[in-house]
Amino acid sequence: MDTKLQIYNTINRKKELFEPLNAPFAGLYVCGPTVYGDAHLGHARPAITFDLVFRYLQHLGYKVRYVRNITDVGHLENDADEGEDKIAKKARLEQLEPMEVVQYFTDRYHASMDKLNVKHPSIEPRASGHIIEQIEVIKEILKAGYAYEVNGSVYFDVRKYNENYMYGKLSGRVLDDLLATTRDLDGQNEKHFSADFALWKKAQPEHIMRWPSPWSDGFPGWHLECSAMSRKYLGETFDIHGGGMDLLFPHHESEIAQTQAAFGHEPCKYWMHNNMITINGQKMGKSLGNFITLDDIFTGNHEALEKAYSPMTIRFFILQAHYRSTLDFSNEALQAAEKGMKRMFQAIKTLDTLQASEKSNVDVFQYRKLCYEALNDDFNSPMVIAHLFDTVRIINSANDKKENLTAADIAELKDVFNTFIFQVLGLEDETSGNQAELIDGLVNMVLELRVQAKANKDYAASDRLRDALNAFGITVKDSKEGSTWSFEG
RNA sequence: GGUCUCGUGGCCGAGUGGCUAGGCACCGGUCUGCAAAACCGUUUACAGCGGUUCGAAUCCGCUCGAGACCUCCA
């Protein structure tokens with residue numbers, strides 16, 4: 001397992017060599033969705049980013065345990081006492097059981113992730129299924145003296161914690177600044193200090209989601225679930241913790257504080273944060289109401305969309321930017337990604353029909369190394385794609401008899417695409433489905449008729465056949481060797 | 001207001017001191033009964049000003065602009 005993988009660690013703001021605590025095992029925890037609405041384009045970013053991390057670590061030979069949670073309780077609309085639980089609110093509005101809401105949106109989230117070819121995590125724990133573990137963590141924090149109870153609720157004592165540790169270590173915040181700038185929200189009077197956060201909240205009488213605890217019938221605070229579940233499945237310290245940059249503060253900062261307070265050490269070695277997807281330069285988010293759901297994108301059913309975009313187009317679009325950069329949504333950018341990806345898959349198909357030469361005049365054996373170097377440099381997927389486009393040009397040139405590739409060259413290129421495009425980047429050629437064979441046969445039959453028509457100089461008939469295929473979205477391309485075709489041209 | 005990040009050619013987006021990023025679009029060409037597609041080739045850049053350096057998109061300072069977090073957000 002001697003790799004040179006460098007990971008940008010948010011906590012130190014620099015790239016560090018990845019050295020897992022217990023090689024060949026590697027633990028990865030990523031904050032998953034709060035399931036009270038459909039997944040939007042922004043949710044695809046961390047899913048695909050950490051899918052790449054998961055896939056690459058596995059490719060390198062690590063035995064990876066990837067834990068991605070489902071938040072189904074405790075995520076309040078704001079930090080004030082009367083802030084309503086997001087799930088509970090949705091359930092109230094729709095007149096459903098909270099767990100019906102959870103099931104519904106979890107299923108839909110899974111369906112979207114499957115379309116994006118995001119691998120299932122090893123474990124996908126729910127917050128509501130780990131109340132006991134969360135209560136245990138609270139007990140430890142109380143025992144250590146970093147929390148206090150008020151009226152059946154328990155709060156983390158940030159000032160006390162900050163005396164011995166550094167609250168703000170991850171986000172680069174200074175507690176005094178927080179003090180000066182934190183707004184005085186109503187209903188915070190239970191807290192001793194505005195930056196304190198809830199570990200356990202006493203449930204109001206009308207609150208449906210409630211569990212017994214030593215302090216009250218209530219529910220856990222949002223930050224707690226990740227501390228409890230990562231500990232349960234990955235151990236008290238693990239390798240990588242990931243999530244969106246917007247979770248950096250207060251969520252991840254508070255996770256560190258909780259684990260540090262309860263167990264005397266930080267939860268993980270590396271913190272990774274993906275950047276946001278923007279729309280017109282602004283973050284796409286639920287609170288801004290400027291989000292486009294993944295289903296909208298797949299169906300084209302949204303006023304901001306000129307057309308539908310396939311799941312692989314979205315995946316390619318996201319992988320064409322580095323995960324730590326913002327990525328701006330636009331129809332133009334998505335169409336550019338769509339065309340580029342199509343060209344790449346076309347070249348991969350061309351490899352199958354390429355005639356091998358005796359001698360080679362290009363070095364195709366450098367690309368594997370270049371791709372590894374890019375991935376080892378903090379998962380630089382856009383660089384990998386750029387290298388592979390270089391090979392696309394070589395393949396097409398060889399197809400045009402302008403370059404010569406040996407059988408060994410062709411085999412190497414096939415393997416490189418298989419390794420990097422299909423396995424590591426997790427892209428799929430959407431045109432090669434189960435129906436492909438059937439369509440292939442039918443279209444080829446029509447094309448044969450067209451060849452006959454052309455042989456008879458009956459161009460009206462041949463054009464009619466071409467136009468008919470066009471109506472089904474099939475583009476016919478004529479060349480010296482004969483006709484070829486492609487779908488959705 | 002505080003903390004932080006960023007500003008690359010028509011668009012998206014890599015790159016952190018010297019060597020063509022890449023994709024899309026444009027343009028030119030090849031192919032072609034026509035057309036389209038495909039393929040090949042190719043142009044345009046590093047927000048502004050100043051500094052460090054033999055040399056800066058890349059380091060430093062200032063100015064302008066954009067964004068993120070500080071309340072929930074992937």
Side-chain angles (χ1 to χ4, degrees), chain A residues 13 30-34 36-37 39-50 75-80 83-84 86 168 171-174 176-183 185 188 195 222 242-251 253 273-278 281-288 291 316-317 320-322 324-344 346-347 350 374 377 380-390 392-393 395-397 399-400 402 454 457 459 462-463 466 470 475-481 484-486 489:
Chain A
R13 316 267 153 155
V30 175
C31 295
T34 302
Y36 68 107
H40 60 71
L41 184 56
H43 291 96
R45 191 97 195 256
I48 289 171
T49 296
F50 294 103
H75 203 161
L76 304 185
E77 293 214 295
N78 61 55
D79 206 23
E84 194 171 4
K86 291 179 179 216
S171 57
R173 266 159 231 282
V174 179
D176 291 344
D177 295 337
L178 288 175
L179 173 65
T181 56
T182 302
R183 272 185 255 165
L185 292 166
Q188 289 197 326
W222 174 40
M245 263 183 195
D246 50 352
L247 298 181
L248 220 146
F249 188 90
H251 186 57
E253 194 70 63
H273 290 93
N274 63 275
N275 214 319
M276 302 291 105
I277 288 182
T278 58
Q282 263 204 325
K283 176 182 167 182
M284 188 180 284
K286 288 200 169 149
S287 42
L288 289 166
F291 63 92
F316 192 81
F317 174 67
Q320 249 190 328
H322 190 262
R324 280 191 289 113
S325 299
T326 55
L327 174 58
D328 199 50
F329 162 89
S330 72
N331 282 282
E332 210 179 349
L334 280 173
Q335 280 163 31
E338 184 177 51
K339 285 192 180 184
M341 182 176 68
K342 200 175 143 199
R343 193 163 82 93
M344 180 167 283
Q346 197 64 45
T350 301
D377 185 15
N380 195 330
S381 56
M383 193 59 105
V384 173
I385 291 172
H387 289 318
L388 293 175
F389 268 116
D390 285 342
V392 167
R393 190 178 39 74
I395 292 164
N396 288 330
S397 295
N399 199 37
D400 275 11
K402 287 170 185 159
K454 284 175 82 171
K457 306 271 183 202
Y459 296 119
S462 94
D463 287 358
R466 183 179 60 190
N470 235 315
T475 308
V476 176
K477 292 171 277 187
D478 292 338
S479 71
K480 252 192 241 169
E481 286 81 15
T484 57
W485 59 276
S486 61

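Note on naming: letters A, B, ... go to the chains in the order of the sequence lines (proteins, then strands), and numbering restarts at 1 for each one.
Counting non-hydrogen atoms under 4.0 angstrom, A/M276 reaches a base of the nucleic acid. A/M341 comes within contact range of no nucleotide atom at all, as no heavy-atom separation falls under 4.0 Å. Base engagement by A/G42 is indicated by at least one non-hydrogen atom pair under 4.0 Å involving a base atom. Among the protein residues, A/H40 comes within range of the nucleic acid bases, having at least one heavy atom under 4.0 Å from a base atom.
Residues satisfying the salt bridge (Lys or Arg N to Asp or Glu O under 4.0 Å) criterion with A/D246, sequence neighbours excluded, are A/K283. Qualifying side chain to side chain contact (heavy atoms under 4.5 Å, CB included) partners for A/A321, counting only residues two or more places apart in sequence or in other chains: A/R45, A/L327. Judged as a side chain to side chain contact (heavy atoms under 4.5 Å, CB included), and not counting sequence neighbours, the contacts of A/A333 are A/F317, A/S330. Checked against salt bridge (Lys or Arg N to Asp or Glu O under 4.0 Å), A/D463 has the following partners two or more places apart in sequence or in another chain: A/R466.
Contact check, A/K283 against B/C69: a side-chain N or O comes under 4.0 Å of OP1 or OP2.
Comparing B/A47 with B/C39, their P atoms are spaced 33 Å from each other, to the whole Å.
Annotation: side chain of A/T278 is not in contact with side chain of A/F329 (no heavy-atom distance under 4.5 Å).
Rounded to whole Å, the distance from CZ on A/F389 to C1' on B/U20 is 17 Å.
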Under a 4.0 Å heavy-atom criterion, the protein footprint on nucleotides 31-40 of chain B, written with B, S and -, is SSBBBBBSSS
B/S/- along nucleotides 4-17 of chain B (protein heavy atoms under 4.0 Å) is -------SSSSS--
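Looking at A/T326 and A/N275, their side chains never bring a donor and an acceptor atom within 3.5 Å of each other.
Side-chain proximity of A/A386 to the nucleotides B/G22, B/G2, B/A74 is greatest for B/G22.
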